[in-house]
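Scope of the values below: all heavy atoms of this structure, side chains included, with no hydrogens, waters or symmetry mates.
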Amino acid sequence: MTDYSEEQRNELEALESIYPDSFTVLSENPPSFTITVTSEAGENDETVQTTLKFTYSEKYPDEAPLYEIFSQENLEDNDVSSILKLLALQAEENLGMVMIFTLVTAVQEKLNEIVDQIKTRREEEKKQKEKEAEEAEKQLFHGTPVTIENFLNWKAKFDAELLELKKKRMKEEEQAGKNKLSGKQLFETDHNLDTSDIQFLEDAGNNVEVDESLFQEMDDLELEDDEDDPDYNPADPESDLTD
């Protein structure tokens, strides 16, 4: 007859020595404990981690232990599902033998795979971004290939914009014509013009200077008075000509 209690007790002692820093007893009856499993460091020293909780059934190891994800770090939902499926498969394959170490080892390997997948996924995302950047640069230099359809669409849009500009310009010119005043209208509307000349004369006052020497020099000029000429005939412009 199998002594299940003895086998379970011996395995617990072995697990405590194998995982001294991550093994924690939760209860003794039924025996329940947790083991924290951490992946190896990834490219940027990142890790994923999970804490597995195990509870022995009465007839363990002839029956599978109860297990669950007690806590986790940096794992996505699909990663958690994959780990639970892995535990179920390993437990079924190892019935009749103490199996906690085997289950934990399988989960450890799975976590390392997940870290590698994260690295691969990031590399693929980086390549995809670089590819998109290259395509955008090519598009910038080469432009969009011209087809009849996109040319007609562009032409229709261009004509509509040109027509709108013409309408706007005509409206501005029409408005400018309405607002433009004639000289008479400016004079009638700007009352400052009524007094501008008068104001100019008033401002000048006695400050207007006359150069009398200009008139003195005129006295020295010999001006002939046509009326003193006996042959001068006002009706005959040629009468003052001498033969």
Side-chain angles (χ1 to χ4, degrees), residues 11-12 14-26 32-57 60-61 63-95 97-158 160-161:
E11 186 181 37
L12 287 173
L15 293 173
E16 189 172 4
S17 63
I18 295 172
Y19 306 106
D21 298 326
S22 60
F23 179 85
T24 302
V25 175
L26 299 179
S32 181
F33 55 91
T34 61
I35 298 176
T36 299
V37 188
T38 305
S39 70
E40 296 177 356
E43 182 180 16
N44 298 320
D45 293 331
E46 60 194 353
T47 60
V48 292
Q49 178 178 287
T50 182
T51 297
L52 305 173
K53 178 182 177 182
F54 297 100
T55 302
Y56 286 152
S57 60
Y60 172 84
E63 295 177 350
L66 302 177
Y67 51 83
E68 63 180 274
I69 303 294
F70 193 72
S71 65
Q72 59 88 13
E73 291 182 9
N74 302 326
L75 292 175
E76 298 181 358
D77 292 341
N78 60 324
D79 295 328
V80 173
S81 298
S82 297
I83 292 172
L84 292 175
K85 290 179 181 178
L86 177 63
L87 287 171
L89 178 62
Q90 290 294 321
E92 184 178 355
E93 292 179 353
N94 290 277
L95 284 175
M97 300 180 291
V98 289
M99 64 181 75
I100 301 301
F101 177 78
T102 301
L103 299 182
V104 172
T105 300
V107 172
Q108 175 78 61
E109 293 175 353
K110 183 64 177 178
L111 295 182
N112 292 338
E113 290 178 6
I114 292 172
V115 169
D116 291 338
Q117 291 171 1
I118 292 175
K119 176 184 176 182
T120 301
R121 184 166 59 248
R122 287 182 176 176
E123 290 177 349
E124 291 176 350
E125 290 175 353
K126 181 180 179 181
K127 290 180 180 179
Q128 182 63 26
K129 288 181 179 180
E130 291 176 350
K131 182 178 179 181
E132 291 175 356
E134 291 178 0
E135 291 295 332
E137 187 174 0
K138 289 180 181 179
Q139 189 73 13
L140 180 63
F141 283 101
H142 296 289
T144 303
V146 178
T147 63
I148 295 177
E149 182 179 1
N150 60 30
F151 174 77
L152 292 176
N153 291 336
W154 172 85
K155 186 67 168 55
K157 184 178 179 181
F158 177 78
E161 292 177 353

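Annotation: side chain of Ile83 is in contact with side chain of Leu111 (closest heavy-atom distance under 4.5 Å). Using a 4.5 Å cut-off on side-chain heavy atoms (C-beta onward), Leu84 and Ile69 make contact. Counting heavy atoms from C-beta on, the side chains of Leu152 and Asn150 never come closer than 4.5 Å. Side-chain contact between Thr55 and Pro65 is absent, with no heavy-atom pair separated by less than 4.5 Å. Annotation: side chain of Lys53 is in contact with side chain of Ser32 (closest heavy-atom distance under 4.5 Å). Proximity of Glu16 to Leu12: side-chain heavy atoms (C-beta onward) are nowhere separated by under 4.5 Å. Proximity of Ile114 to Leu75: side-chain heavy atoms (C-beta onward) are separated by under 4.5 Å at one or more points. Within the 4.5 Å cutoff, side-chain heavy atoms of Glu11 are placed close to those of Ile100.
Within a 6.0 Å sphere centred on CD of Glu130, heavy atoms belonging to other residues, nucleotides or ligands number more than 12. Annotation: Glu132, atom CD; neighbour count of heavy atoms from other residues, nucleotides and ligands within 6.0 Å is above 12. Taking a 6.0 Å sphere around CG of Asn78, one finds it holds more than 12 heavy atoms contributed by other residues, nucleotides or ligands.
To the nearest 0.5 angstrom, Leu52 atom CG is 10.0 Å from Gln108 atom CD. Separation of atoms OG1 (Thr105) and CE (Met99) is listed at 13.0 Å; rounding is to 0.5 Å. Atom OG1 in Thr38 sits 10.5 Å away from atom CG in Asn74 (nearest 0.5 Å). Atom NZ in Lys157 sits 14.5 Å away from atom NZ in Lys155 (nearest 0.5 Å). Atom-to-atom distance recorded for Lys119:NZ and Glu124:CD is 12.5 Å, nearest 0.5 angstrom. Atom-to-atom distance recorded for Tyr60:OH and Leu95:CG is 10.0 Å, nearest 0.5 angstrom.
In this structure a side-chain-to-backbone donor-acceptor pair under 3.5 Å is present from Asp79 to Glu76. The backbone N or O of Gln49 lies less than 3.5 Å from no partner atom in the side chain of Ser39, so there is not a single donor-acceptor pair.
In plain terms, the two heavy atoms of Ser17 and Ala14 that are nearest each other are OG-O, 2.7 Å. The minimum heavy-atom distance between Ala64 and Ser57, with the atom names listed, is O-OG, 3.6 Å.
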### Task
Assess whether side-chain contact (heavy atoms from CB on, under 4.5 Å) is satisfied between Thr36 and Phe23, documenting all intermediate values.
CA-CA 7 Å; Thr36 299; Phe23 179 85; over 6 Å; no
### Task
Determine, step by step, whether Gln117 and Glu113 satisfy the side-chain hydrogen bond (donor to acceptor under 3.5 Å, both in side chains) criterion, reporting the C-alpha distance in whole Å, the side-chain angles of both residues, the deciding distance to 0.1 Å, and the verdict.
CA-CA 6 Å; Gln117 291 171 1; Glu113 290 178 6; 4.8 Å; no
### Task
Given side-chain contact (heavy atoms from CB on, under 4.5 Å), test Phe151 with Thr147 step by step and report yes or no.
CA-CA 6 Å; Phe151 174 77; Thr147 63; over 6 Å; no
### Worked check of side-chain contact (heavy atoms from CB on, under 4.5 Å) between Tyr19 and Val104
CA-CA 10 Å; Tyr19 306 106; Val104 172; 3.4 Å; yes
### Message
Let's go through Leu87 and Val107 carefully: what are the C-alpha distance in whole Å and the side-chain angles of both, what is the deciding distance for side-chain contact (heavy atoms from CB on, under 4.5 Å) to 0.1 Å, and is it a yes or a no?
### Response
CA-CA 8 Å; Leu87 287 171; Val107 172; 3.6 Å; yes
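Remark: Arg122 engages Glu46 in a salt bridge, criterion side-chain N to carboxylate O under 4.0 Å.
The aromatic rings of Tyr56 and Phe33 sit perpendicular to each other, their planes meeting at more than 60°, with 30° as the lower class boundary.
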